[in-house]
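Just so we're clear, the structure is a prediction, and the values are computed from it rather than from any experiment. Within every chain, numbering begins at 1; the chains are lettered A, B, ... in the order of the sequence lines, protein sequences first and strands thereafter. The analysis underlying the following values was restricted to heavy atoms, covering all of them including side chains, and did not include hydrogens, waters or symmetry mates.
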Amino acid sequence: MPELPEVESVRRSLLPHLLGRRVASARLLRADICDTHDGTPPTHAHLLRDASIAELRRHGKQLAILAADGRALVVHLGMSGRLFVSRDSTLPTHAHALWTLDSDTRLVFEDPRRFGGIWTLPHPDALARRWADLGPDALDINGPALERALAGSRRPVKAALLDQRTLAGVGNIYADEALFAARIAPKARAGSIRGMRADDLALAIRRVLLDAIYAGGSTLRDYRDGTGQPGSAQNRHQVYARAGLPCLACGTPLRQASIAQRTTVWCPRCQSTRLGQKPKAHRARQRTRVPAG
DNA sequence: AACACCGCCTGAGCGC
DNA sequence: TGCGCTCAGGCGGTGT
């Protein structure tokens, strides 16, 4: 489930452990999770051995580790991926790559479901080219840019938000949360989101993502940051995983359907499909989830 | 061109 | 107790 807030939380938590550190050794335990830029089997050089880590950069859900000599790695966490530092010598079952730093700290990439992976890059220009295929980062989106990204599309707006070429960083959880916050029905046509509605949606996306970053991301099951800490943003979810429960703004039972092959939850009353008709009082309460069981 | 849909993969949770 | 089924989901590839 790592979406933008989780990847950003990983980035921030890793910064103090990685910046300025030299990669003393690198090991790939599963070669098939790593794609090299030159198509040759991954080597220690591909994996930044002897490099000094200069920067951690994020675009959407992708995290890049940039070395001072220009080499870079892109890490994709996919569904169940984790990237974390550890001083423990034991490795998790699905550890696929590890790096030992000159601080004797280990950086571990683990991914049970293997929807994630690592991509090697020779130069920052290659990173820029890779990321050019992605839409604008969702933390930077504004109304006019979002309107441009959605223009002409007849898809449901939910499907468009999940498309990383349209907007980078939003996944299933925060798409539902942002649409609820903006009071837009997930099935509304993407191309119909214009003007003030685009402003509303862009603002909702930024706010939902920033709130989640401040809460350290959403830990539903697997997610931990780069030091093993869970997040608490799941306690703030208004609609995700709440199908059938009362809307926190109006009490109407939340509905669920599959849109773009993703479970989608929304409030049929607050999130009107009709244009220009905004029900008045909509103020979602802050919610603390009661622990299950 | 735009969009729909499949398949990859594992572990949790459930019913029997 | 344990087996088998379903579900979760990002994204690349293929089909329409």
Just to confirm, is there a sub-4.0 Å distance from OP1 or OP2 of B/dC9 to any side-chain nitrogen or oxygen of A/Ser80? no
A/Asp111 CG to B/dT10 P, in whole Å, measures 10 Å
Exercise. Check whether any side-chain nitrogen or oxygen of A/Tyr174 sits under 4.0 Å from OP1 or OP2 of C/dG9, and answer yes or no.
Key: no
Would you check if there is a donor-acceptor pair between the side chains of A/Thr40 and A/Asp38 at a distance under 3.5 Å? yes
Q. Ignoring hydrogens and geometry, is there a side-chain-to-backbone donor-acceptor pair from A/Arg255 to A/Trp266 under 3.5 Å?
A. no
B/dA2 phosphate, OP1 or OP2, under 4.0 Å from A/Ser153 side-chain N/O
no
Heavy atoms under 4.0 Å, any strand shown: does A/Arg154 hit a base, just sugar-phosphate, or nothing? sugar-phosphate
For residues 62-77 of chain A, which side-chain N or O atoms pair as donor and acceptor with protein atoms under 3.5 Å away, sequence neighbours left out?
from, atom 1, to, atom 2, distance (Å)
A/Gln62, OE1, A/Arg130, NE, 3.0
A/Gln62, OE1, A/Trp131, NE1, 2.9
A/Asp69, OD1, A/Arg71, N, 3.0
A/Asp69, OD1, A/Arg71, NE, 3.4
A/Asp69, OD2, A/Arg71, NE, 3.0
A/Asp69, OD2, A/Arg71, NH2, 2.8
A/Arg71, NH1, A/Ala45, O, 2.7
A/Arg71, NH1, A/Arg49, O, 3.3
A/Arg71, NH2, A/Arg49, O, 3.1

Rounded to whole Å, CE of A/Met79 lies from P of C/dG12 at a distance of 15 Å
| field | A/Phe115 ring over C/dC11 six-membered base ring, under 5.5 Å and 30° | value | no
*Does a nitrogen or oxygen in the side chain of A/Arg262 sit under 4.0 Å from OP1 or OP2 of C/dG10?*
yes
Would you list the atom pairs, donor with acceptor, under 3.5 Å between side chains in residues 137-152 of chain A and any protein atom, with sequence neighbours excluded?
from, atom 1, to, atom 2, distance (Å)
A/Asp137, OD1, A/Arg58, NH1, 2.7
A/Asp137, OD1, A/Gly60, N, 2.7
A/Asp137, OD2, A/Arg58, NH2, 3.3
A/Asp137, OD2, A/Leu139, N, 3.1
A/Asn142, OD1, A/Ala145, N, 2.9
A/Glu147, OE1, A/Gly195, N, 2.9

Report all interatomic pairs (protein N or O, nucleotide N or O of nucleotides 11-15 of chain B) with separations under 3.5 Å.
from, atom 1, to, atom 2, distance (Å)
B/dG11, OP1, A/His94, NE2, 2.8

Closest non-hydrogen atoms of A/Ser80 and A/Arg114, given as atom of the first, atom of the second and distance, are OG-N, 4.3 Å
Kindly say whether, by distance alone, the side chain of A/Arg114 makes a donor-acceptor pair under 3.5 Å with the base of C/dG10? no
